[in-house]
Number of protein chains: 2
Amino acid sequence: MQEQANTIIQTLRSKGLRVTPQRFAVYANLLSRIDHPTVEQILTDLNKDFPVSSQATIYSSLQALREVGLVREVLLEEGVSRYDANVQLHHHFCCQRCGAIEDIAWDTFKCIELRNLRPGLHGETYEVTVQGLCDACGEGSNSRNEEVKVDSEQTDN
Amino acid sequence: MQEQANTIIQTLRSKGLRVTPQRFAVYANLLSRIDHPTVEQILTDLNKDFPVSSQATIYSSLQALREVGLVREVLLEEGVSRYDANVQLHHHFCCQRCGAIEDIAWDTFKCIELRNLRPGLHGETYEVTVQGLCDACGEGSNSRNEEVKVDSEQTDN
DNA sequence: CTTTGTGCAAACGATTTGCAGGATG
DNA sequence: CATCCTGCAAATCGTTTGCACAAAG
């Protein structure tokens with residue numbers, strides 16, 4: 001765990017970023033999570049035990065990390081940005097019921113043919129977003145009638 | 001053109017929506033555009049000649065149209081919602097330079113295998129977002145070095 | 001005539017910004 | 001020690017809401 005810390009410090013330094021406790025904490029937190037937290041979630045998580053950082057600092061840390069390519073912004077819901085320390089190409093799965101977001105390995109769908117685009121468009125890269133039910137929410141998929149459509153009216157408004 | 005208007009009116013009525021000049025205008029505007037305008041763009045466009053609608057009304061019209069399934073919200077950039085009267089399944093192309101958004105026919109990429117998802121995830125639907133250069137921006141793609149990376153610093157900040 | 005929509009302005013929530021003090025290299 | 005970061009609070013910007021008046025059916 002000490003080594004992980006060192007690795008993170010090296011990474012930050014190698015990108016020309018000053019290493020501050022806050023910046024370190026934000027990046028370490030993102031690296032340790034598989035969900036794609038919002039700023040608020042990161043802030044809450046970091047300050048759980050004792051105050052480590054402020055909101056504005058999270059924003060600025062994320063911006064710095066994003067500028068050097070260590071972190072990525074993910075837009076899947078309206079209103080909030082989520083962040084991801086997985087900067088490799090990958091797709092996303094988004095649970096329609098609980099909103100959980102999960103990465104999907106890039107080569108799960110490698111059959112996209114950008115050459116199928118109409119002439120004139122020059123595709124460089126792409127990303128697939130899958131909507132569906134995650135493990136927990138899919139369990140009750142026998143009685144889907146009530147379960148599945150819960151959020152489309154409440155979350156939506 | 002009179003007929004188109006009637007069709008729109010029929011469509012709105014058939015969905016149980018009252019037909020008001022503003023609501024009509026918003027829907028007609030969306031139907032006539034292939035880009036995916038923001039609220040501000042719709043408002044500007046409608047009020048170009050003379051005042052037709054207010055901001056709050058655009059929002060409420062869009063919400064009503066969305067609730068009955070005539071309009072869809074599209075999230076591709078941070079900070080703004082865009083709207084689309086094409087509610088059929090389709091993918092999106094997003095120009096990395098000018099930000100233009102264009103629909104891609106659903107069957108352009110029909111080889112996605114949702115069964116490739118890891119066990120436990122239950123994929124229902126998906127959408128592909130392609131990033132690249134549109135016709136206009138792709139023209140100068142010979143001299144891509146300077147052209148392509150223009151917006152990542154200006155738009156981004 | 002009843003119900004629903006419109007428009008204004010105020011409220012809201014996520015994100016950004018200005019600035020003074022503090023930490024990093 | 002110069003530079004860059006932090007944290008607070010105020011400012012911004014997209015979106016939502018409350019309410020009085022107007023229009024739709």
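Side-chain atoms are counted along with the backbone in the values below, which use heavy atoms only and exclude waters and symmetry mates. Below, chain A is the first sequence line, B the second, and so on; all start at residue 1.
Across every non-hydrogen atom of C94(A) and I101(A), the tightest pair is SG-CG1, 4.1 Å.
Heavy atoms from other residues, nucleotides or ligands lying under 6.0 Å from CD of Q88(A) number 12 at most. Few gaps surround CG on L89(B); more than 12 heavy atoms of other groups in view lie less than 6.0 Å from it.
Of the listed nucleotides (dT4(C), dC8(C), dT15(C)), dT15(C) has the atom at the smallest distance from the side chain of V39(A). Distances from the side chain of R18(B) to the nucleotides dT15(D), dT6(D), dT4(C) place dT4(C) closest. Set against dA9(D), dG14(D), dG7(C), the side chain of A56(B) has dG7(C) as its closest nucleotide. Counting only heavy atoms from C-beta on, S61(A) has its side chain closest to dT6(D) among dT17(C), dG7(C), dT6(D). Listed candidates were dA23(D), dG25(C), dC8(C). Nearest to the side chain of S54(B) is dC8(C).
Protein atom CG of L12(A) is 13 Å distant from nucleotide atom C1' of dT24(C), rounded to whole Å. Atom CD1 of I9(A) and atom P of dT24(C) are 11 Å apart (whole Å). Rounded to an integer number of Å, the gap from Q55(A) CD to dG7(D) P is 12 Å. Distance CD (E78(A)) to C1' (dG13(C)): 13 Å, rounded to an integer number of Å. Spacing between atom CD of Q22(A) and atom C1' of dG21(C) amounts to 14 Å, rounded to whole angstrom units. In this structure, CD of E73(B) is placed 12 Å from C1' of dG14(D), rounded to the nearest angstrom. One can place CD1 of I58(A) at 9 Å from P of dT6(D), the figure rounded to the nearest angstrom. Regarding L43(B), its CG atom lies at a distance of 13 Å from the C1' atom of dG14(D), rounded to whole Å.
OP1 or OP2 of dC5(D) has not a single side-chain nitrogen or oxygen of T57(A) nearer than 4.0 Å. Distances shown here put a side-chain N or O of R13(B) below 4.0 Å from the OP1 or OP2 atom of dG25(D). Dashed line: the shortest gap from a side-chain N or O of Y59(B) to OP1 or OP2 of dT15(D) is under 4.0 Å.
Summary of the strand contacts: R82(B) and P21(A) both lie near DNA chain D, and taking for each the nucleotide with the nearest heavy atom, the more 5' one is attributed to P21(A).
A donor-acceptor contact closer than 3.5 angstrom links the side chains of D103(A) and H36(A). Judged purely by distance below 3.5 Å, without hydrogens or angles, the side chains of Q22(A) and S61(A) never pair a donor atom with an acceptor atom.
S60(B) comes within 4.0 angstrom of sugar-phosphate atoms only, judged by non-hydrogen atoms across all strands, and of no base. Residue contacts for S53(A): at a heavy-atom cut-off of 4.0 Å it reaches the sugar-phosphate backbone alone, with no base atom in range. When heavy atoms are screened at a 4.0 angstrom cut-off, T20(B) is found touching the sugar-phosphate backbone but no base atom.
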